[in-house]
Amino acid sequence: MDGGNLTAEELLSSNGSSTAAPIPYSMPCWAPDDYLITERFWICVVAGITVSIISIIFNTFIFFVFVTNKQHRRSPNLYLLLLSLFDVFIAFAYIAVMSVRILINFTSSVFLKSIWVRYMIPMLTVSHIGITSSTFLICFASIERYCITVNNFLVPYLQKHRPILTFIAIMCGVVSKGTFVKEVDIQLNPDCYGELNYWNVVPSSLLDEFPLFNQYWRFYFRNIFTILAPFFILLLVNCLLLFQLREHVLKSKGADHDKQNVKEKKARIRATTKSVVIIVCTYLMSNLLSVIITIWEYIDSASIFSEDWIAFYVLSVDVISLLTIVASSARLPIYAYFQPLLRKEMGQCLGDWCCCIPEDNKKLSLLDELQIPKTQLISTPDGESPSISSKIEFV
């Protein structure tokens, strides 16, 4: 396994900010990086491409359901609309960057690698920007959902400035991961012209010229800001949401005298809150291994590249990337299962696209039928805001 390829492995990891660099090995010009290649082929190519295609289909469908209805664009579903768009690109980038890279080493294809090196760095950069932006979209969406659930005074502010918050979430990804494009280089080896190892992915000279940038920005700031902080913020918010959800369920059992429309409103709020909780749970589970690896790097960065643990690290990098795609592909089933209104709207959209419903029988969108006054979005009889179909997600 040559040093250039292993360094690329670090750069293709979920956080892309490891400080330790393995010692390069001299490899013949024709030799691929075949370290654990069979296991990695099954993870990144077979499972990775399959899950990525599912994610692309599901999230493209979610995007069109949300974008074609202005009620979604004006509700907390704005976060989910952008999230689904990022999920589509992240899944596509996974195939183009991770799956193709393993396929190159599995087949020793010089032609495939000559294409891969042309787009790898910009696509890797944009995909990491998308992953981080998605994380902060989930954070803002879950915080708004919690404030709605407890009828917090911040609800009107969060609803009014939702477009600004989505912009901030995207800029968090751009600022923290945009420098990726300058942190990686494609190094050419003239002695291997026309062969597989003519191109090597290596850290750029920027990291050697500015060691403080490598240590404080890439390792400390990026790991804390994009991995650890969002993880523990969402863990806290999710626990609070679970507590509030339990309280609402107990209250609803003792409120048989409520009017039917109030009951339905509360049921919608609980359904939306449940979907948020499950979405955040999928995010937490998919990023748990990444958090473990990151904390390990803080505690003992040298041991993770030792002979005893390098196999675990390499496979963990691949699994972390795959889990991100698995979490994004799970969003559509979660929405459909926990939110009956949205499920019906999805079925209607699917029927319309498949021409299964006669034109005369088509109904208005379910959300369009819910003519809820704007004031009701801020305050309800139970102190809750039924923001029509709010849900959340990650990546």
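Numbers here simply count residues along the sequence, with the first being 1. We use all heavy atoms of the structure for the numbers below, so side chains are in, but hydrogens, waters and symmetry mates are not.
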*Asks:* Pick one: which of T132, T294, T179 meets side-chain hydrogen bond (donor to acceptor under 3.5 Å, both in side chains) with R222?
*Replies:* T179
*Asks:* Nearest 0.5 Å, please: how far is CD1 in I325 from CD1 in I95?
*Replies:* 8.5 Å
*Asks:* State, to 0.1 Å, how close S127 and A93 come at their nearest heavy-atom pair, and which atoms those are.
*Replies:* CB-CB, 3.6 Å
*Asks:* Count the heavy atoms of every other residue, nucleotide or ligand shown that sit under 6.0 Å from CZ of R118, and state whether that count exceeds 12.
*Replies:* no
*Asks:* Of all heavy-atom pairs between N197 and P28, which one has the smallest distance, and what is that distance?
*Replies:* ND2-O, 2.8 Å
*Asks:* Could you walk me through whether V277 and F338 pass the side chain to side chain contact (heavy atoms under 4.5 Å, CB included) test, one step at a time?
*Replies:* CA-CA 11 Å; V277 168; F338 286 99; over 6 Å; no
*Asks:* Among the clusters formed by ILVMFWY side chains lying less than 4.5 Å apart, do M285 and I292 turn up in the same one?
*Replies:* no
*Asks:* So does Y216 have more than 12 non-hydrogen atoms from other groups sitting under 6.0 Å from OH?
*Replies:* no
*Asks:* Which atoms form the tightest heavy-atom contact between N59 and D87, and what is the distance?
*Replies:* OD1-OD2, 3.3 Å
*Asks:* Is there a path of hydrophobic side-chain contacts, each under 4.5 Å between heavy atoms of I/L/V/M/F/W/Y residues, joining W116 to W30?
*Replies:* no
*Asks:* Quick one, T226 with H128, criterion side chain to side chain contact (heavy atoms under 4.5 Å, CB included). Give me CA distance, side-chain angles, the key distance, then yes/no.
*Replies:* CA-CA 10 Å; T226 67; H128 274 280; over 6 Å; no
*Asks:* Calculate, to the nearest 0.5 Å, the distance between atoms OG1 and CD1 belonging to T107 and I102 respectively.
*Replies:* 11.0 Å
*Asks:* Is F106 atom CZ crowded by more than 12 heavy atoms from other residues, nucleotides or ligands, each under 6.0 Å away?
*Replies:* no
*Asks:* Any side-chain heavy atom of I293 within less than 4.5 Å of one from E297?
*Replies:* yes
*Asks:* Within a strict 4.5 Å, meaning less than it, do heavy atoms of the L165 and E144 side chains meet?
*Replies:* no
*Asks:* Would you say CZ of F61 has more than 12 non-hydrogen atoms from neighbouring residues, nucleotides or ligands within 6.0 angstrom?
*Replies:* yes
*Asks:* Could you check whether any side-chain heavy atom of L188 comes within less than 4.5 Å of a side-chain heavy atom of W199, counting everything from C-beta outward?
*Replies:* yes
*Asks:* Just by distance, do the side chain of Y337 and the backbone of S275 share a donor-acceptor pair under 3.5 Å?
*Replies:* no
*Asks:* Return yes if some donor-acceptor pair links the side-chain N/O of K113 with the main-chain N/O of I104 below 3.5 Å, else return no.
*Replies:* no
*Asks:* Could you tell me which non-hydrogen atom of L228 sits nearest to which non-hydrogen atom of V291, and how far apart they are?
*Replies:* CD2-CG1, 3.8 Å
*Asks:* Indicate yes or no: at least one non-hydrogen side-chain atom of R101 is less than 4.5 angstrom from one of D33.
*Replies:* yes
*Asks:* If we ignore hydrogens and angles and just use 3.5 Å, is the side chain of S306 paired with the main-chain N or O of A302 as donor and acceptor?
*Replies:* no
*Asks:* Would you say that C139 contacts L234 through its side chain, given a criterion of any heavy-atom pair below 4.5 Å between the two side chains?
*Replies:* yes
*Asks:* Could you tell me whether the side chain of S114 and the main chain of F111 form a donor-acceptor pair under 3.5 Å?
*Replies:* yes
*Asks:* Using a 3.5 Å distance criterion without hydrogens, assess whether the side chain of D185 forms a donor-acceptor pair with backbone atoms of Q187.
*Replies:* no
*Asks:* Give a yes or no on whether the ring-centroid distance for F221 and F213 is below 6.0 angstrom.
*Replies:* no
*Asks:* How would you list all residue pairs meeting ring-ring contact (aromatic ring centres under 6.0 Å, His included) that involve residues 139-163, not counting sequence neighbours?
*Replies:* Y157-H161
*Asks:* Go through the steps for V110 and Y198 under the test side chain to side chain contact (heavy atoms under 4.5 Å, CB included), then give the verdict.
*Replies:* CA-CA 9 Å; V110 177; Y198 176 63; over 6 Å; no
*Asks:* Between atom NZ of K182 and atom OG of S205, what is the distance when rounded to the nearest 0.5 Å?
*Replies:* 10.0 Å
*Asks:* Rounded to the nearest 0.5 Å, what separates atom OG1 in T282 from atom CG in N287?
*Replies:* 9.5 Å
*Asks:* Stepwise, does the side chain to side chain donor-acceptor pair (under 3.5 Å) test hold for T149 with Q244?
*Replies:* CA-CA 7 Å; T149 304; Q244 290 298 324; over 6 Å; no
*Asks:* Stepwise, does the ring pair (Phe, Tyr, Trp, His ring centres under 6.0 Å) test hold for F225 with F136?
*Replies:* CA-CA 10 Å; F225 184 72; F136 282 96; 5.0 Å; yes
*Asks:* Does atom CZ (F232) have a neighbourhood of more than 12 heavy atoms from anything else shown, all under 6.0 Å?
*Replies:* yes
*Asks:* Considering all heavy atoms of both residues, which atom of V237 and which atom of S142 are nearest to each other, and what is their separation?
*Replies:* CG1-O, 3.7 Å
*Asks:* Please tell me if the side chains of Y94 and T324 come closer than 4.5 Å, counting only heavy atoms from C-beta onward.
*Replies:* no
*Asks:* For R40, which of I43, T38, L36 qualifies under side chain to side chain contact (heavy atoms under 4.5 Å, CB included)?
*Replies:* L36
*Asks:* Should L80 and I62 count as side-chain neighbours, where that means a heavy-atom distance under 4.5 Å?
*Replies:* no
*Asks:* Do S134 and L83 pass the side chain to side chain contact (heavy atoms under 4.5 Å, CB included) test, and can you show the C-alpha distance, the side-chain angles, and the key distance before you say yes or no?
*Replies:* CA-CA 6 Å; S134 297; L83 191 56; 3.2 Å; yes
*Asks:* Using a cut-off of 6.0 Å, state whether more than 12 heavy atoms not belonging to F167 lie near its atom CZ.
*Replies:* no
*Asks:* First locate atom CG of L323, then atom CG of L288, and finally report the distance between them rounded to the nearest 0.5 Å.
*Replies:* 9.5 Å
*Asks:* Working to the nearest 0.5 angstrom, can you tell me the gap between S290 OG and N223 CG?
*Replies:* 8.0 Å
*Asks:* Would you say the ring centroid of W296 lies under 6.0 angstrom from that of W309?
*Replies:* yes
*Asks:* For the residue pair Y283 and T135, what are the closest heavy atoms and their distance?
*Replies:* OH-CG2, 3.1 Å
*Asks:* Do R162 and Q159 come close enough that some side-chain heavy atom pair is under 4.5 Å?
*Replies:* yes
*Asks:* In this structure, would L78 and V88 fall into the same cluster of hydrophobic residues linked by side-chain contacts under 4.5 Å?
*Replies:* no
